[in-house]
Amino acid sequence: MEAVKAKIEEIATLLSQIDIESYTHPGLLAGSSGVACFLFEYAHYASNDSIRQQALKIIDKTIELVFEGNSYPTFCAGLAGISLFLSDLEEQKLVETTITKEIDQFLEMAMKNEIIHDHYDFLHGAVGISYYFVSRAEKKKKYQRVVKLIVDYLDHTAQRYTEDGVNLVKWKSYHHTTAAVEYNISMSHGMSSIVVLLSKILKLGIPSTRKRIVALIEGAINYILKQQIDRNTYQSVFPYSSIETSMPLTGSRLAWCYGDLGVAMAIWQAGETLENEIWKDKALEILSFSCQRRDLQENLLVDACFCHGTAGVAHIFNRMYRNTGQEIFHKTYLHWVDETLKMAKFEDGLAGYKTFHGNEEPEQEWLAEPGMLEGVSGIGLALLAAVSESEPVWDKYFLLS
């Protein structure tokens, strides 16, 4: 693990030296907040106060950017993610209170608007904004009013039907880039994130919501499991989006965002919450099959980013090793950590890393990014979790804990 530790230190040194005035986006998964998140985690790991001070300066810049007019409500790039992160820092007594009543009101209004327009999306829509309120409600009961509204909305907009005697639930959504109507089971943009959200609401123990939430989770997982395809033919358990949306039918990549890993993690968390051993066993079956998927090209792994690269894959198997202690997950996450180190091959990258975007303009095809979702901060966090005994609580920002 010495090579991993050296890469982590390289990433931390590099990110701590970036000119703070160069930040223009304050987002958690796509902006300065995510850089601060990594630096705080590294500072704790290395007992490095100078890195911690730099992280605090980035937070000051983040707040400045917000009050200069960053009004995105989303979790990925906007106020939902930023506000949750700041509230966590406040709880750790690293920053003073920064979440205003006006921010909460703005986010509630935005959440309602996204749901009205069937925009169920963790990164860019209603689920991500809802996740902010659900997470805050774990500590402050005043947020339970909004949580009850979330359950009402999801219950009202759920599409229910029966197939082969099984009750199914699904939600219509719109593709985050094409705006096409679809039924999406992914973690980043689809129903797996709704399953995780509902599981977390169930843990809040709000009596008036339990029966409806259980029915929604059961129906959603029944729908998700109906989307299984021939793994021998397609080399994955689930398609890219869903069977009814993915035509012609194709297998899915190995990634956090789309495909088997994110879906399995949602099923696992629901199984844990509802003490459903059948679901937990199913999640383990999917993940164990995914341990065999190691060909980079076949699994569309071209870079190291957390979203759809090797670092995200490594961390999911690390998370499941922590959850279960199963050796197969330990061996698999070590393999993907090694592959993540190999991805640091760009002389003009950040600690050697660049993210592939596939743009038509050659200079935009590979970009050096500092953020959590697609950049070196997310890579650093995944590597840090591989060498640290501390619980990686930050992965809740990816719906993994």
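Given the structure is predicted, the values throughout are model-derived calculations rather than measurements.
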Below 4.5 Å, heavy atoms only, C-beta onward: do Ile18 and Val35 meet side chain to side chain?
no

Who are the side chain to side chain donor-acceptor pair (under 3.5 Å) partners of Thr340, not counting sequence neighbours?
Thr310

Step through the shown structure and confirm whether more than 12 heavy atoms of other residues, nucleotides or ligands are within 6.0 Å of CZ on Arg210.
no

If you look at every heavy atom in Gly375 and Cys305, which pair is closest and at what distance?
N-CB, 4.4 Å

Interatomic spacing from OH in Tyr143 to OG in Ser135 - rounded to 0.5 Å
11.0 Å

Using the side-chain contact (heavy atoms from CB on, under 4.5 Å) definition, which of the options Asp395, Ile316, Leu261 pairs with Trp256?
Ile316

Would you indicate whether the side-chain heavy atoms of Val4 and Met1 approach each other to under 4.5 Å?
yes

Is the gap between the ring centers of Tyr353 and Phe346 under 6.0 Å?
no

Walk me through whether Tyr234 and Leu249 qualify under side-chain contact (heavy atoms from CB on, under 4.5 Å).
CA-CA 9 Å; Tyr234 297 103; Leu249 193 60; 3.6 Å; yes

Scanning both residues in full, the closest heavy-atom pair of Ile379 with Ala311 reads CA-CB, 3.9 Å

Tell me, with the steps shown, if Arg160 and Asn167 meet side-chain contact (heavy atoms from CB on, under 4.5 Å).
CA-CA 7 Å; Arg160 298 172 173 85; Asn167 294 324; over 6 Å; no

Could you grab the distance from atom OG of Ser173 to atom NE2 of His117, nearest 0.5 Å is fine?
13.0 Å

Between Glu391 and Lys396, does any NZ, NE, NH1 or NH2 come within less than 4.0 Å of an OD or OE carboxylate oxygen?
no

Step by step, work out the side-chain contact (heavy atoms from CB on, under 4.5 Å) result for Glu108 and Arg145.
CA-CA 11 Å; Glu108 182 178 348; Arg145 176 190 63 80; 2.8 Å; yes

Before giving the answer on side-chain contact (heavy atoms from CB on, under 4.5 Å), spell out for Tyr23 and Glu64 the whole-Å C-alpha distance, their side-chain angles and the decisive distance to 0.1 Å.
CA-CA 11 Å; Tyr23 290 111; Glu64 178 185 316; over 6 Å; no

Is the number of heavy atoms from other residues, nucleotides or ligands under 6.0 Å of Glu275 CD greater than 12?
no

If you measure from CD1 on Ile201 to NZ on Lys203, what distance do you get to the nearest 0.5 Å?
12.5 Å

side-chain hydrogen bond (donor to acceptor under 3.5 Å, both in side chains), that's the test. Do Arg293 and Asn299 meet it? Break it down for me.
CA-CA 7 Å; Arg293 299 174 61 184; Asn299 293 296; 2.8 Å; yes

Should the pair Lys101-Asp104 be classified as a salt bridge under the 4.0 Å nitrogen-to-oxygen rule?
no

I'd like to know if Glu21 pairs up with Lys61 as an ion pair, taking the criterion as any Lys NZ or Arg NE/NH1/NH2 lying under 4.0 Å from an Asp or Glu carboxylate oxygen.
yes

More than 12 foreign heavy atoms under 6.0 Å from NE2 of His330: is that the case here?
yes

Basic-acidic side-chain contact under 4.0 Å: Glu244, Lys226:
no

Taking the six-membered ring for Trp, is the centroid-to-centroid distance between His189 and His124 below 6.0 Å?
yes

Close side-chain approach of His357 and Trp366, heavy atoms under 4.5 Å:
no

Can you give me the closest heavy-atom contact between Ser241 and Asn184, atom names plus distance?
OG-CA, 3.4 Å

Side-chain contact, heavy-atom cut-off 4.5 Å: Asp121 with Thr74?
no

Quick one: pull up CG in Leu79 and CG in Leu84 and give me the separation to the nearest 0.5 Å.
12.0 Å

Are Gln54 and Ile20 side-chain neighbours, meaning at least one heavy-atom pair lies under 4.5 Å?
yes

Checking the side chain of Asp164 only, and the main-chain atoms of Val166 only, is there a donor and an acceptor separated by less than 3.5 Å?
no

I'd like to know if Arg136 pairs up with Asp88 as an ion pair, taking the criterion as any Lys NZ or Arg NE/NH1/NH2 lying under 4.0 Å from an Asp or Glu carboxylate oxygen.
no

Ionic contact status for Lys331 with Glu327, cut-off 4.0 Å
no

Ignoring hydrogens, what is the shortest heavy-atom contact between Met372 and Phe398? Give both atom names and the distance.
CE-CE1, 3.5 Å

How close do Leu39 and Ala55 get, heavy atom to heavy atom, and via which atoms?
CB-CB, 3.8 Å

Sidechain N-carboxylate O distance under 4.0 Å for Asp152, Lys148
no

Knowing that exactly one of Tyr333, Tyr397, Trp394 qualifies, which makes a ring-ring contact (aromatic ring centres under 6.0 Å, His included) with His315?
Trp394

side-chain hydrogen bond (donor to acceptor under 3.5 Å, both in side chains) between Asp230 and Thr233: does it pass, once the steps are laid out?
CA-CA 5 Å; Asp230 185 346; Thr233 300; 3.0 Å; yes

How far apart are the C-alpha atoms of Arg231 and Glu285, what are their side-chain angles, what is the distance that settles it, and do they pass the salt bridge (Lys or Arg N to Asp or Glu O under 4.0 Å) test?
CA-CA 12 Å; Arg231 62 190 69 180; Glu285 175 204 319; 2.9 Å; yes

Mind checking whether Ile206 and Val147 have side chains closer than 4.5 Å, heavy atoms only?
yes

Check whether Thr245 reaches the backbone of Tyr183 with its side chain - one donor and one acceptor, N or O, closer than 3.5 Å.
yes

Value for CG (Leu216) from CG (Asp155), rounded to nearest 0.5 Å, stands at 5.0 Å

Check against side-chain hydrogen bond (donor to acceptor under 3.5 Å, both in side chains), Glu163 and Tyr223:
CA-CA 10 Å; Glu163 189 174 289; Tyr223 176 84; over 6 Å; no

Take Arg52 and Asp49 through the salt bridge (Lys or Arg N to Asp or Glu O under 4.0 Å) test and state the conclusion after the steps.
CA-CA 5 Å; Arg52 184 179 294 106; Asp49 191 59; 3.2 Å; yes

Side-chain touch Val169/Asn222, heavy atoms, less than 4.5 angstrom:
no

For Asp295 and Gln297, which heavy atoms make the closest approach, and how far apart are they?
OD1-N, 3.1 Å

Glu102 CD: over 12 foreign heavy atoms closer than 6.0 Å
yes

What residues form a salt bridge (Lys or Arg N to Asp or Glu O under 4.0 Å) with Glu91, not counting sequence neighbours?
Lys139

Name all pairs fulfilling the ring-ring contact (aromatic ring centres under 6.0 Å, His included) condition that reach into residues 40-76, sequence neighbours left out, sorted by first residue then second.
Phe75-Phe122, Phe75-Tyr131

Rounded to the nearest 0.5 Å, how far apart are CG of Leu284 and CE of Met320?
5.0 Å

Is there a salt bridge (Lys or Arg N to Asp or Glu O under 4.0 Å) between Glu347 and Lys354? Walk through the geometry before answering.
CA-CA 10 Å; Glu347 291 184 3; Lys354 281 189 171 184; over 6 Å; no

Please determine whether the number of non-hydrogen atoms from other residues, nucleotides or ligands lying under 6.0 Å from atom CD of Glu9 exceeds 12.
no

